[in-house]
Amino acid sequence: MAAHILVVDDSRENLHILRIRLEAQGYQVGTAPDGEEALTYAAATPPDLILLDVMMPRLSGLDVLRLLKADEALRYIPVVLLTARAETRDLVEGLDAGADEYLTKPYEHAALMARVRSMLRLKALTDRVRAQSHELAEQRAALAEANRDLESQVAVKAAELERIGRLRRFLSPQIADLVATERDGHALLEAHRREITVVFCDLRGFTAFTDSAAPEEVVAVLREYHKTVGQTVFHYEGTLEHFAGDGIMVFFNDPRPCPDHSARAVRMAFALRERVGRLARQWEARGHTIGFGLGLARGYATLGQFGFEGRFEYGAVGSVTNLASRLCDKAQSGQIVISRPVLSAVEGIASSRSLGNLTLKGFLREVPAFELVTLLADQPVT
């Protein structure tokens, strides 16, 4: 696109000559016969360069120059002063007023064109720098806004993590996450039916121990026991339903689906037997005879939040939970007793032996039961 030049001179002859010469060089040319029209023209159609006569009536070229440089929108337009006054004092006054170049009349055409080309290069460079500066300012503003958004998101996330951290002190991690995120958590907390694997465990001889031991020792044993069981349950991502004294119930496959829930429950049971077994040996060294047993059952249950306004708990209701508890009651110290559905789901993971049909409290018929003996060689306890 051709550069746009405004020529300002009170001499119509000078305007005509300059227009012809500049248009011959391919420039777009506008003219103004006095300073006031020049300012109006420049405000309406800012040119790339102004050739400005100094000696004009009413509003001199220097006055026009000062007004141009005072205008934020026009101050970056380069100005070449054209005048017949060639004294040093006049030159200094023009440059102080903001002129970029100074050409005395009569001037050679080649000198004028050289000044024009030089000033247009300066204008192009100035425009580029201003555009880059504007773009940089926009980028800084966008970055500042992004940083504010990021800070806000970090603050929200930090608050959410803190909230989850507090909830995890009282709830199973899976339940705490659902409550904290509140995305699909509400629906999952509602009552629903699903097949789960339930693990019930408790200590053997604990009642006798509490009758004879000091309360401080009972609390110390429970803390060690709860810490060991809790860490193991969370490692295998089981849902801790509740613990009451030494009795602890865990289930798998809810609220988050777990396709290998029985296998995961069995691996956790072996890990618990090993870890609590180590604790039992430490307790024995302190004079306490305490064992540990587990019962596992698989079946359908109704799960969700139960309770009343102001106090809700997430749990499972169904015969499968009762069965796991009753199988745990039958387990001797160090035994893992399971139901037939669990055995069918974990064949190839652990060796087992039949315990025959057991009579269990609350069940009308005898229940086939099995004891898990060892994990197979390729199924290490982790």
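These numbers were taken from a predicted model, which means no experiment stands behind them.
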Give every donor-acceptor pair under 3.5 Å between a side-chain atom in residues 17-33 and any protein atom, sequence neighbours left out.
unit_1	atom_1	unit_2	atom_2	d
R19	NH1	E23	OE2	3.2
R19	NH2	T31	OG1	3.4

Please say whether more than 12 non-hydrogen atoms of neighbouring residues, nucleotides or ligands are located less than 6.0 Å from [atom1] in [X].
X	atom1	answer
Y300	OH	no
E145	CD	yes
R286	CZ	yes
E366	CD	yes
R340	CZ	no
H109	NE2	yes
E13	CD	no

Distance from [X] atom [atom1] to [Y] atom [atom2], nearest 0.5 Å?
X	Y	atom1	atom2	result
S11	L82	OG	CG	11.5 Å
E237	H261	CD	NE2	14.5 Å
L343	S352	CG	OG	4.5 Å
L74	L39	CG	CG	8.0 Å
R194	C258	CZ	SG	10.5 Å
D254	I196	CG	CD1	7.0 Å

Which pair of heavy atoms, one from [X] and one from [Y], lies closest together, and at what distance?
X	Y	answer
V320	G299	CG2-N, 3.4 Å
L68	A42	CD2-CB, 4.3 Å
L6	A38	CD2-O, 3.9 Å
P255	T239	CD-OG1, 3.5 Å
F363	S319	CZ-O, 3.9 Å
G348	L376	O-CD1, 2.8 Å

Between [X] and [Y] (side chain of the first, backbone of the second, donor and acceptor by atom type, cut-off under 3.5 Å), is there such a pair?
X	Y	value
T228	E224	yes
S133	V129	no
S351	T374	yes
R204	A331	yes
H226	G245	yes
N14	D9	no
R326	K361	yes
S325	T321	no
R298	T197	no

Donor-acceptor pairs under 3.5 Å, side chain of residues 44-57 to any protein atom, not counting sequence neighbours: which ones?
unit_1	atom_1	unit_2	atom_2	d
D48	OD2	H4	N	2.8
D53	OD1	K105	NZ	3.2

Checklist entry - Between T40 and E37, is a side chain to side chain contact (heavy atoms under 4.5 Å, CB included) present by the stated rule, with each step listed? => result CA-CA 5 Å; T40 301; E37 286 195 28; 5.5 Å; no
Give a yes or no on whether [X] and [Y] share a hydrophobic cluster (residues Ile, Leu, Val, Met, Phe, Trp, Tyr; joining criterion: side-chain heavy atoms under 4.5 Å apart).
X	Y	value
I338	L294	yes
L296	L360	no
L323	V266	no
V373	I349	no
L372	L355	no

Do the side chains of [Y] and [X] get nearer than 4.5 Å, heavy atoms only?
X	Y	result
V276	V229	yes
Y225	I248	yes
V233	M268	yes
L272	F292	yes
S118	R121	yes
M119	L122	yes

Item to check | For D127, all residues meeting side chain to side chain donor-acceptor pair (under 3.5 Å), sequence neighbours excluded | outcome: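 Counting only residues at least two positions away or on another chain, D127 forms a side chain to side chain donor-acceptor pair (under 3.5 Å) with K123.
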Checklist entry - Given Y41 and V8, is the side chain to side chain contact (heavy atoms under 4.5 Å, CB included) satisfied, shown in steps? => result CA-CA 10 Å; Y41 184 104; V8 186; over 6 Å; no
Next on the checklist: Less than 3.5 Å apart, any donor N or O on the side chain of H134 or E138 sitting next to an acceptor on the other?
Outcome noted: yes
Checklist entry - When you look at D100 and K69, which way does the salt bridge (charged side-chain N to carboxylate O under 4.0 Å, His left out) test go after all the steps? => result CA-CA 11 Å; D100 298 279; K69 297 305 178 181; 3.7 Å; yes
Item to check | The single option from Q332, K330, Q335 passing side-chain hydrogen bond (donor to acceptor under 3.5 Å, both in side chains) against E371 | outcome: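 That would be Q335.
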Checklist entry - Which of these passes ring-ring contact (aromatic ring centres under 6.0 Å, His included) with H288: F209, F206, W283? => result F209
Next on the checklist: Using the rule given for side chain to side chain contact (heavy atoms under 4.5 Å, CB included), can you reason through V79 versus V64, listing the C-alpha separation, both sets of side-chain angles and the distance that settles it, and then say yes or no?
Outcome noted: CA-CA 10 Å; V79 178; V64 172; over 6 Å; no
